Amino acid sequence: MSALRRVRKYFISSQVYEALRPLFFLTFLYGLTPFHVVKKKMGESYLKMSCFGIFNIFIYICLCGFCYISSLRQGESIVGYFFRTEISTIGDRLQIFNGLIAGAVIYTSAILKRCKLLGTLTILHSLDTNFSNIGIRVKYSRIFRYSILVLVFKLLILGVYFVGVFRLLVSLDVRPSFCVCMTFFLQHTVVSIAICLFCVIAFSFERRLSIINQVLKNLAHQWDSRSIKAVTQKQRSLQCLDSFSMYTIVTKDPAEIIQESMEIHHLICEAAATANKYFTYQLLTIISIAFLIIVFDAYYVLETLLGKSKRESKFKTVEFVTFFSCQMILYLIAIVSIVEGSNRAIKKSEKTGGIVHSLLNKTKSAEVKEKLQQFSMQLMHLKINFTAAGLFNIDRTLYFTISGALTTYLIILLQFTSNSPNNGYGNGPSCCDSYNNMTNHTL
């Protein structure tokens with residue numbers, strides 16, 4: 001039992017920065033943030049920016065730039081080892097170019113927009129005071145365990161994928177160059193860790209919105225059971241609400257609870273808006289590169305399975321299909337992680353409106369009704385929303401958009417292959433030559 005308690009102690013956190021320590025250790029190591037979590041002598045944790053963190057980011061920028069540009073100049077890539085056609089060369093160069101842009105955007109945001117991330121975490125930390133005003137003591141163990149789970153899941157998938165790919169290449173005496181290995185490794189790991197950071201921050205908003213919703217639900221329940229009177233009444237017993245990582249210690253006047261809930265909701269929306277400013281361009285580049293990779297990988301797989309491919313490759317069909325299917329699944333998981341992380345926070349925010357209007361229908365106090373109407377107006381004007389540089393919202397509607405675009409591009413690529421002489425392979429005329437010949441005959 002003592003050993004079990006010691007293990008559980010490592011998964012219990014009581015401060016917002018302490019709960020994010022493993023995540024920020026990894027982002028600091030990979031140069032995605034210049035911050036790392038340190039502890040004061042009094043035991044309180046805080047984020048500290050260091051000169052090494054800034055220097056580390058510049059090292060990663062130089063390394064990514066050198067490796068990506070070298071790969072572009074040499075025309076070498078992991079995909080190129082599997083097969084090389086006109087379409088695969090175009091897709092490969094687009095992926096490398098997009099990966100270069102994604103790395104530049106992520107690392108530039110880490111420096112230029114570091115104050116936005118720090119501001120978001122500062123607001124989340126200050127919310128503890130507001131929650132204590134309504135008798136809530138927030139526990140961060142769930143956020144801590146969630147961050148550990150997300151990191152382990154992502155790193156485990158990446159580890160298995162990297163080992164499988166490099167063992168497959170080595171088995172056929174293919175030795176990738178240093179630049180190719182680094183572009184392949186950095187692209188996947190940097191994107192995955194950036195997604196983990198976004199998911200954990202979004203989960204932090206979701207948890208706090210859950211607390212607000214539960215506080216308002218408890219208020220409605222107490223009104224239904226006639227346990228709240230007009231005068232402030234203190235609870236005799238400590239009510240534990242573990243499912244929401246909080247403790248309700250004292251019941252205050254309903255108007256005061258609603259006022260504090262309004263202030264907390266305002267701070268959460270402010271923190272979410274600040275976080276969106278930090279992540280917005282990162283999410284745009286990550287979703288763009290994920291979509292591009294999914295389109296070309298799905299095309300390669302479909303082309304092979306439909307028997308339209310006349311590729312010349314050392315790899316067997318099973319190995320070929322497995323590699324591109326795994327890479328496609330990897331980036332599908334990336335998109336799903338971003339969308340679901342954002343969608344859960346948005347849905348929690350939307351539930352607050354229904355609870356407030358339910359309270360509005362039940363209350364008979366003029367003061368409480370006025371506070372609830374103010375809260376209702378606030379909910380209309382302040383909403384949690386994540387966008388990709390303002391171009392599109394990051395919610396479940398994105399699935400439909402991506403599915404439609406993916407289907408369209410796949411049909412175009414497959415038709416392009418079908419109409420090309422020799423399917424674009426070998427020494428036959430290219431599709432561009434065929435188009436010119438058709439034009440000349442027409443003229």
Side-chain angles (χ1 to χ4, degrees), residues 13 16-17 19-24 26-27 32-33 35 47 106 109-110 113-114 116-127 138-154 190-214 244-245 264-287 290 332-352 382-399:
S13 179
V16 60
Y17 296 125
L20 300 174
R21 181 189 290 273
L23 177 64
F24 274 98
L26 205 57
T27 56
L32 296 179
T33 56
F35 311 111
L47 276 182
I106 290 172
S109 299
K113 295 193 173 184
R114 62 186 184 276
K116 301 292 184 187
L117 181 60
L118 188 60
T120 300
L121 296 172
T122 302
I123 294 172
L124 291 177
H125 181 64
S126 67
L127 281 172
V138 181
K139 296 196 301 179
Y140 296 96
S141 299
R142 180 163 292 190
I143 297 173
F144 179 72
R145 289 193 291 266
Y146 177 80
S147 66
I148 293 291
L149 182 64
V150 169
L151 287 174
V152 170
F153 176 72
K154 289 284 186 182
V190 168
V191 166
S192 294
I193 295 172
I195 291 171
C196 288
L197 180 60
F198 171 76
C199 289
V200 172
I201 297 296
F203 184 74
S204 299
F205 299 140
E206 180 194 346
R207 296 310 307 158
R208 284 159 178 81
L209 288 167
S210 296
I211 294 174
I212 288 296
N213 291 344
Q214 187 62 25
F244 293 91
S245 299
I264 292 170
H265 180 268
H266 180 270
L267 287 174
I268 293 172
C269 290
E270 183 182 344
T274 307
N276 185 54
K277 291 177 183 177
Y278 176 80
F279 286 108
T280 185
Y281 291 106
Q282 293 187 24
L283 295 178
L284 176 62
T285 53
I286 289 171
I287 292 172
L332 281 172
I333 292 173
I335 290 178
V336 169
S337 299
I338 292 172
V339 171
E340 290 303 316
S342 172
N343 187 73
R344 284 195 300 267
I346 292 169
K347 290 301 179 184
K348 288 292 181 183
S349 178
E350 290 174 352
K351 285 183 179 180
T352 309
L382 287 178
K383 295 180 180 179
I384 289 181
N385 189 31
F386 295 100
T387 66
L391 297 176
F392 52 86
N393 292 328
I394 299 176
D395 51 28
R396 286 185 176 173
T397 59
L398 189 60
Y399 292 145

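Computed from a prediction, not measured in an experiment: that's the story for all the values here.
Inter-residue side-chain proximity for Leu197 and Phe279 is flagged as met; some heavy-atom pair is nearer than 4.5 Å. Put simply, the side chain of Asn276 does not reach to within 4.5 Å of the side chain of Asn385, judged on heavy atoms. In this structure, the side chains of Leu124 and Arg208 come closer than 4.5 Å at one or more pairs of heavy atoms. Two residues are said to be in side-chain contact when any heavy atoms from C-beta on lie closer than 4.5 Å; Tyr278 and Ile201 fail this criterion. Between Ile338 and Leu398 the shortest side-chain heavy-atom distance does not fall below 4.5 Å. Between Cys199 and Ile195 there is a side-chain heavy-atom pair separated by less than 4.5 Å. Residues Leu209 and Ile268 have side chains in contact (heavy-atom distance under 4.5 Å, counting atoms from C-beta outward). Using a 4.5 Å cut-off on side-chain heavy atoms (C-beta onward), Ile123 and Glu270 make contact.
Checking side-chain atoms of Asn393 against main-chain N and O of Asp395 turns up no donor-acceptor pair under 3.5 Å. Ser210 places a side-chain N or O within 3.5 Å of a backbone atom of Glu206 that can act as its donor or acceptor partner. Side chain of Thr285 to backbone of Tyr281: a donor-acceptor contact under 3.5 angstrom is found. Side chain of Ser342 to main chain of Val339: no donor-acceptor pair is present (N/O by atom type, distance under 3.5 Å, no hydrogens or angles). Side-chain atoms of Ser337 come within 3.5 Å of backbone N or O of Ile333 as a donor-acceptor pair. Looking at Thr280, its side chain never comes within 3.5 Å of a backbone N or O of Lys277 through a donor-acceptor pair.
By the 4.0 Å N-to-carboxylate-O rule, Lys383 lies too far from Glu350 to be salt-bridged with it.
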Inset, instruction - Show your working on side-chain contact (heavy atoms from CB on, under 4.5 Å) between Ile143 and Arg207 and close with a plain yes or no. - result: CA-CA 8 Å; Ile143 297 173; Arg207 296 310 307 158; 3.9 Å; yes
Inset, instruction - Applying side-chain contact (heavy atoms from CB on, under 4.5 Å), run through Leu391 and Thr387 and close with a yes or a no. - result: CA-CA 7 Å; Leu391 297 176; Thr387 66; over 6 Å; no
Inset, instruction - Could you check His265 against Ser349 for side-chain contact (heavy atoms from CB on, under 4.5 Å), going step by step and ending with a plain yes or no? - result: CA-CA 9 Å; His265 180 268; Ser349 178; 4.2 Å; yes
Inset, instruction - Kindly indicate, with the supporting measurements, whether the criterion side-chain contact (heavy atoms from CB on, under 4.5 Å) is fulfilled by Ile287 and Ile394. - result: CA-CA 10 Å; Ile287 292 172; Ile394 299 176; 4.3 Å; yes
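Scanning all heavy atoms of the two residues, the minimum distance from Ile384 to Ile346 falls at O-CG1, 3.6 Å. In this structure, Gly341 and Ala202 approach most closely via the heavy-atom pair O-CB, 3.5 Å. When all heavy atoms are compared, the tightest approach of Leu284 to Ala389 is CD2-CB, 3.7 Å. Listed here is the closest heavy atom pair of Pro22 and Ala19: CD-O, 3.9 Å.
Counting only N and O atoms by type, the side chains of Thr352 and Asn213 include a donor and acceptor under 3.5 Å apart.
Applying the 6.0 Å contact sphere to NZ of Lys351 captures no more than 12 heavy atoms from other residues, nucleotides or ligands. Atom OH of Tyr399 is surrounded by more than 12 heavy atoms from other residues, nucleotides or ligands within 6.0 Å.
From Thr122, atom OG1 reaches atom CG of Leu47 across 7.5 Å, with rounding to the nearest 0.5 Å. Note that SG of Cys196 is 8.0 Å distant from CG of Leu26, once rounded to the nearest 0.5 Å. Interatomic distance, Ile211 CD1 to Lys348 NZ, rounded to the nearest 0.5 Å: 11.0 Å. To the nearest 0.5 Å, atoms CD1 (Ile286) and CD (Gln282) are separated by 6.0 Å. Between Glu340 atom CD and Phe203 atom CZ the span is 13.5 Å, to the nearest 0.5 Å.
The aromatic rings of Phe198 and Phe386 stand perpendicular to each other, their planes meeting at an angle above 60°, with 30° marking the opposite boundary. Taking the six-membered ring where tryptophan is involved, the planes of Phe24 and Phe35 are perpendicular, since the angle between them exceeds 60° and thus also 30°.
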